[in-house]
2 protein chains.
Amino acid sequence: MGTRERRQREFAEREQRFLDHARQLICDNGLLNLQMARVARGCDYATGTLYQHFASKEDLLLALNSHLVASRVELFQRVLDWAAPSRERIIAIAVADIIFARQYPEHFRLAQYVTTEAVWRTASPERRNQSLETGRPLGECVGQIVRDAVQAGDLVDQGLNPYELIVGNWTMAQGMHTLVHAEGLLDQYNIREPYRRLLTHQQLLLNGMGWQPVKDAWDEQALNDLLTRIHQQVFPDREDPLSCMAGAAPSFQDNPESL
Amino acid sequence: MGTRERRQREFAEREQRFLDHARQLICDNGLLNLQMARVARGCDYATGTLYQHFASKEDLLLALNSHLVASRVELFQRVLDWAAPSRERIIAIAVADIIFARQYPEHFRLAQYVTTEAVWRTASPERRNQSLETGRPLGECVGQIVRDAVQAGDLVDQGLNPYELIVGNWTMAQGMHTLVHAEGLLDQYNIREPYRRLLTHQQLLLNGMGWQPVKDAWDEQALNDLLTRIHQQVFPDREDPLSCMAGAAPSFQDNPESL
DNA sequence: ATCAAATAGTGAATTTGGTTCAGAATCCGC
DNA sequence: GCGGATTCTGAACCAAATTCACTATTTGAT
């Protein structure tokens, strides 16, 4: 008897619909204007039903964030499958991250908001675990590339595990997103083309780590060539990373249709 | 006639009292439990009076954040005044940041929360400007150290301004704080002693930039010696950075008295 | 000193929106 | 089809931010 299974499937489908609609509402009205009652009503359910799926609003946001991570994983996976030197693949990961941040700025705001300790601790522990779990493949893609690098002799592990080795690149990317999204901050210090700076500094860090082959990180032309190659070979269907580099972060006003 | 001045002073004093009390309430009950009415009542004023000072709750939080930045500036200033090679001073800046994050975790949560785009955009533009303005000295300390480095020939500027040069270190620190505060995330990848990793990767990045004198960034003993020196010479009155390195981020539960 | 206008302070009322829960509807095994 | 279990409903509840009609105080002129 498949009744129980059908029930479960329908429940999952409904959850999906709730999340989709929440995404839509956030795209239309912004993160802070999301209302639980509207999410429910928009899917033709009562508010109470929504609460059978999500313990609280924060819980829903975290769930949505987990759900959206999938599209990021797809980009990372492509890099993992790309046959190129380990060093270029690490840069391609950074590029994937940047493309993603530009294409779905609203998801970025969401991710930033929910990882705020203030919100993170409010969600249910189960949801937090789920969130960590769905994010894991991202980490594993990167971890695998680092392992490949060590294997290939491009990098010496110095007794650290792959994640400890790459954490510098990770934090740099993470931190740059934060600064880019704090409107006015980078302007104040005249930091132009922040994402280009990010890539240059990533190259500098890789050089510092002795990640072979060591490159001249200040060579802008070489960087452009690499970006073009990554665009053509890995992300032909996405925005050109070179155009992602230019200009400021798209604000919600500029681009309300994005998540 | 100093009536107007007195008025203004009293107004400023009251604002101060409001902020102090808000800080206290956050320390006692956490960021998310702050209530505007309690802030007012706790200072023996009506709610409406509080709103003569702050346009909204977010506005108050941003103001509090600006206000608290002052204590961070003090630590950075000491580093600026420290007579040591530019490279060691840059590391000392990172150390100051870490000490601060450990000593006032609640301020860190607050800073993280208010720079979230979702909150940032809610506060009044004036407050945002004020916030950028009070943060400026932090940036300027670092900028000055970079300028000193270029002047001394420790670093080639490659046509970038000081902030563009140092943005890699900045983002790395920023990003690491974010990761450290997302409970469970670093554990998932077995990243131990995250702040020690941060310093190592900062050294690696400096090496990559060719910041003289180039060091062996993997030498743990050398790092310990440097940390001890920084502790003794710059922050003798603060927690030993070596002990800051160990263990996870203090949670609110561990340490409710901190802002 | 007195008074009217201006300014500041008050806190109860309003508003908003998340969350709950008592009853209605539906489903399920028999 | 029946009776109990489960699910759905949305109005009621509640917390807390924000407002605003009213009161109190200050100021400057007479």
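Numbers restart at 1 for each chain; the letters A, B, ... are given by sequence-line order, proteins then strands.
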Check: A:Y189 ring centroid to B:W170 ring centroid under 6.0 Å: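 Centroid separation for A:Y189 and B:W170: below 6.0 Å.
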
Between A:Y195 and A:H177, ring centroids under 6.0 Å: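 That pair passes the under 6.0 Å test.
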
Interatomic distance, [X] [atom1] vs [N] [atom2] [rounded to whole Å]:
X     : N      : atom1 : atom2 : result
A:L31 : C:dG17 : CG    : P     : 14 Å
B:L60 : D:dA16 : CG    : C1'   : 15 Å
B:M36 : D:dT18 : CE    : P     : 6 Å
A:E58 : C:dG18 : CD    : P     : 9 Å
A:Y51 : C:dC21 : OH    : P     : 13 Å
A:K57 : C:dT19 : NZ    : P     : 8 Å
B:R14 : C:dT7  : CZ    : P     : 16 Å
A:H53 : D:dT6  : NE2   : C1'   : 14 Å

Touch check for [X], heavy atoms < 4.0 angstrom, all strands: base, sugar-phosphate only, or nothing?
X     : answer
B:R41 : sugar-phosphate
B:R38 : nothing
B:L32 : nothing
B:L34 : sugar-phosphate

Toward the 5' end of DNA chain C, by each residue's nearest nucleotide, A:T49 or A:N33: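 This one resolves to A:N33.
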
Candidates C:dG9, D:dT27, C:dG18 - which lies nearest the side chain of B:R7: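 The closest nucleotide is D:dT27.
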
Between A:Q112 and A:R109: side-chain donor-acceptor atoms closer than 3.5 Å: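 No, no side-chain donor-acceptor pair sits under 3.5 Å.
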
Side-chain H-bond candidate by donor/acceptor type, A:N169 with B:H201, under 3.5 Å: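 A:N169 vs B:H201: no donor-acceptor pair found between side chains.
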
B:T47 vs C:dG11: side-chain N/O to OP1/OP2 distance below 4.0 Å: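 No, outside the criterion.
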
Distance below 4.0 Å between A:Q52 side-chain N/O and D:dT7 OP1 or OP2: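 Looking at the OP1 and OP2 atoms of D:dT7, neither is under 4.0 Å from any side-chain N or O of A:Q52.
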
Quiz item: cation-pi between A:R78 and A:F235, 6.0 Å / 45°: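 That pair does not qualify as a cation-pi contact.
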
